[in-house]
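Okay, structure first, notes after.
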Amino acid sequence: MSKENTQILKQRREKADALANLGVNLYSNTFKPANRIKELLPKGEHLVAEAQDETNYTYSVAGRIMSMRKFGKAAFFHLVDNSGRMQVYIKKDSLGDEIFATFKKWDIGDIVGIEGKLFKTKTGELSIMADKLVMISKSLRPLPEKFHGLTDVETRYRQRYVDLIVTPESQETFRKRVEIVRLMREFLANRGFMEVETPMMHPIPGGATAKPFKTHHNALDMDLYLRIAPELYLKRLLVGGFERVFEINRNFRNEGLSTRHNPEFTMLEFYQAYATYHDLMDLTEELISWLSDEVNGTMEIEYQGTKVNLAPPWKRMTMDEALIEVAGINPADLNDPDRVMALAKEKGIQLEEQAGPGKAKTELFELLVEEKLIHPTFVTSYPTEVSPLARRNEDNPDVTDRFELFVTGRELANAFSELNDPVDQLRRFEKQIAEKGDDEEIHSELDVDFVRALEYGMPSAAGEGIGIDRLVMLLTDSPSIRDVILFPHLKAEVLKQTKKKKNKKKSVPKDV
RNA sequence: GGGUCGUUAACUCAGUCGGUAGAGUAUCUGCCUUUUAAGCAGAGAGUCGUGCGUUCGAGUCGCACACGACCCA
């Protein structure tokens with residue numbers, strides 16, 4: 001990691017001091033750019049090389065200096081603002097000796113304001129001939145090299161601000177992320193969904209099976225858990241009469257990190273009364289294919305070298321069908337609970353004592369099928385055993401009216417027709433708690449209030465969760481979840497301390 | 001938790017058999033008023049991730065640790 005007293009940093013500070021001594025405000029807050037670079041570019045389109053803008057209008061722009069070519073009495077540099085990039089031409093003649101002397105202390109990385117007139121250079125690049133210069137923020141640290149940029153991923157994650165300055169692809173990814181979320185809200189709002197905010201701190205973590213983060217409220221003297229899912233609160237709103245609700249916000253899971261897992265991640269959850277999981281499959285393929293088209297201009301995308309066709313309709317198959325068709329399992333084996341269990345053992349799957357054939361089947365699916373589902377595929381009929389909140393299928397109580405969506409071998413969404421029978425719900429909670437009872441880290445407590453809510457009557461409904469981070473990964477061709485989260489979690493950075501002449505011991509005040 | 005790889009100048013990277021640390025960019029100085037990876041000449045810049053060990057001698061070999069990447073659980 002970077003050291004804090006290097007030659008290059010000293011030089012930058014000395015330069016800043018020299019500039020201040022010339023009477024320049026290094027951090028002025030008076031310059032207000034009247035123009036954005038993007039809107040200037042068309043204004044000079046018609047000009048030929050070496051021609052001046054005939055209107056002779058003075059424009060003003062502000063931004064960061066990203067490259068610099070200095071001569072003895074002139075210079076070119078590129079200025080970048082939020083909208084684009086443009087060349088500025090500086091001439092000693094037109095600025096005067098004093099101003100030009102201060103300009104000589106400008107560096108790549110400085111944020112500056114420019115006023116001037118448009119012209120085209122010999123090589124035909126539209127530029128601003130500066131007649132006024134304002135230092136807005138003097139940069140004290142050098143930017144990464146102009147040609148290779150910043151390639152060290154650790155620095156890109158830890159110092160995302162530098163990454164955003166010098167890596168246009170990174171900027172583009174996060175712009176797309178913002179756009180995807182904005183479009184999602186628009187899509188759902190257009191269908192009558194209302195966006196709500198439910199608690200992030202839960203007295204009882206529920207709605208999923210995961211290890212929660214624990215915290216404590218001092219005034220109430222009670223433990224709280226960062227939510228692992230908003231599901232049980234959103235369903236309470238269905239009880240309350242809000243028929244279409246959604247929430248886009250963070251979930252927290254105290255588990256491992258990987259290219260697909262960040263301890264906090266963003267989830268869209270939405271619930272629609274009087275709908276079934278079939279309705280949500282229609283809605284999901286419409287939503288995601290539309291998002292791809294809006295953001296990438298196509299439904300046929302490439303993810304890490306693999307072509308993926310997001311154009312509807314998408315494949316729909318039951319878990320049994322997937323095991324038979326994709327994994328080549330004998331249908332007879334799937335209908336016999338003992339043979340399912342045996343098959344799982346055969347494939348090296350280690351099952352917990354309480355696990356039944358539903359769990360075994362799901363594990364087989366995860367092992368043998370998941371990674372092979374490249375194009376979007378809805379897998380339905382999940383075993384009831386692994387779906388404690390989903391409605392049982394009317395014809396076969398062993399499976400639920402549930403689907404998960406897989407794209408590029410990864411789970412992207414999970415949805416089901418909701419269980420609204422309070423008696424069944426209570427039974428399933430009790431069973432779930434009995435099974436997880438030995439795992440202290442998975443906090444098991446029956447959410448009595450949720451059952452009470454169901455007892456008031458929750459309309460038939462279907463609900464779904466879509467992992468936003470993974471969706472953004474797919475639509476931006478990003479290999480790691482850290483590439484789509486602005487500030488991903490890493491271990492604490494060990495900053496190298498500059499050696500001091502004496503290590504003064506800090507006096508530690510004793511507790512009185 | 002296990003395995004593999006990585007960590008050298010501000011950035012991007014070389015560094016042979018273990019023998020006094022290299023380049024490009026950036027920076028500084030000089031020249032340079034249409035350049036755009038500007039150019040020419042010169043200069044400075046390093047606790048080689050940290051620690052211990054082997055050795056006459058370690059960026060290089062060994063061990064431990066830290067951080068990161070990928071794979072596996």
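Atoms considered below: every heavy atom in the structure, side chains included; atoms not considered: hydrogens, waters and symmetry mates. Only a predicted model underlies this, so the values are computations on that prediction, with no experimental measurement involved. Letters A, B, ... are given to chains in the order of the sequence lines, protein chains preceding strands, and every chain is numbered from 1.
Within the nucleic acid shown, A/Lys91 comes within 4.0 Å of at least one base atom, counting heavy atoms only. Contact annotation for A/Leu150: backbone-only contact, meaning every heavy-atom pair under 4.0 Å involves sugar-phosphate atoms and none involves a base.
For the pairing with A/Val326, the side chain to side chain contact (heavy atoms under 4.5 Å, CB included) check across A/Leu373, A/Thr377, A/Leu368, A/Val379 returns one residue only, A/Leu373.
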Expected rows: protein N/O vs nucleotides 39-41 of chain B N/O, under 3.5 Å:
none

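Where A/Phe76 and A/Pro144 meet RNA chain B, the nucleotide closest to each residue was compared, and A/Pro144 sits on the side nearer the 5' end. The 5' end of RNA chain B is approached more closely, in terms of each residue's nearest nucleotide, by A/Lys15 than by the other of A/Lys15 and A/Glu50.
Within the 3.5 Å criterion, the main-chain N or O of A/Val399 finds a donor-acceptor partner in the side chain of A/Thr384.
Base pairing of B/rC67 is made with B/rG6, judged by Watson-Crick or G-U wobble geometry with both donor-acceptor distances under 3.5 Å.
By the rule that a glycosidic angle within 90° of 0 means syn, B/rC17 counts as syn.
For the pair A/Lys120 and A/Asp53, the salt-bridge criterion is not met [side-chain N within less than 4.0 Å of a carboxylate O]. We find that A/Lys214 and A/Asp223 are joined by a salt bridge, their nearest charged nitrogen and carboxylate oxygen being less than 4.0 Å apart. In this structure, A/Lys361 pairs ionically with A/Asp320, as a charged nitrogen and a carboxylate oxygen lie closer than 4.0 Å.
Rounded to whole angstrom, the span from the CZ atom of A/Arg156 across to the P atom of B/rA10 amounts to 21 Å. Atoms CG (A/Leu9) and C1' (B/rA45) sit 12 Å apart, rounded to a whole Å. We find that CG of A/Leu95 is positioned 15 Å from P of B/rU33, with the value rounded to whole Å. The separation between A/Lys491 atom NZ and B/rG1 atom C1' is 11 Å, rounded to whole Å.
For a distance-only test at 3.5 Å, the side chain of A/Thr121 qualifies as a donor-acceptor partner of the base of B/rU35. No N or O donor and acceptor, one from the side chain of A/Gln7 and one from the base of B/rU27, sit under 3.5 Å apart.
Using atom C1' as the reference point in both B/rU25 and B/rC65, the two lie 34 Å apart (nearest Å). Comparing B/rA37 with B/rG44, their P atoms sit 29 Å apart, to the nearest whole Å.
The aromatic ring centres of A/Phe406 and A/Phe365 sit less than 6.0 Å apart.
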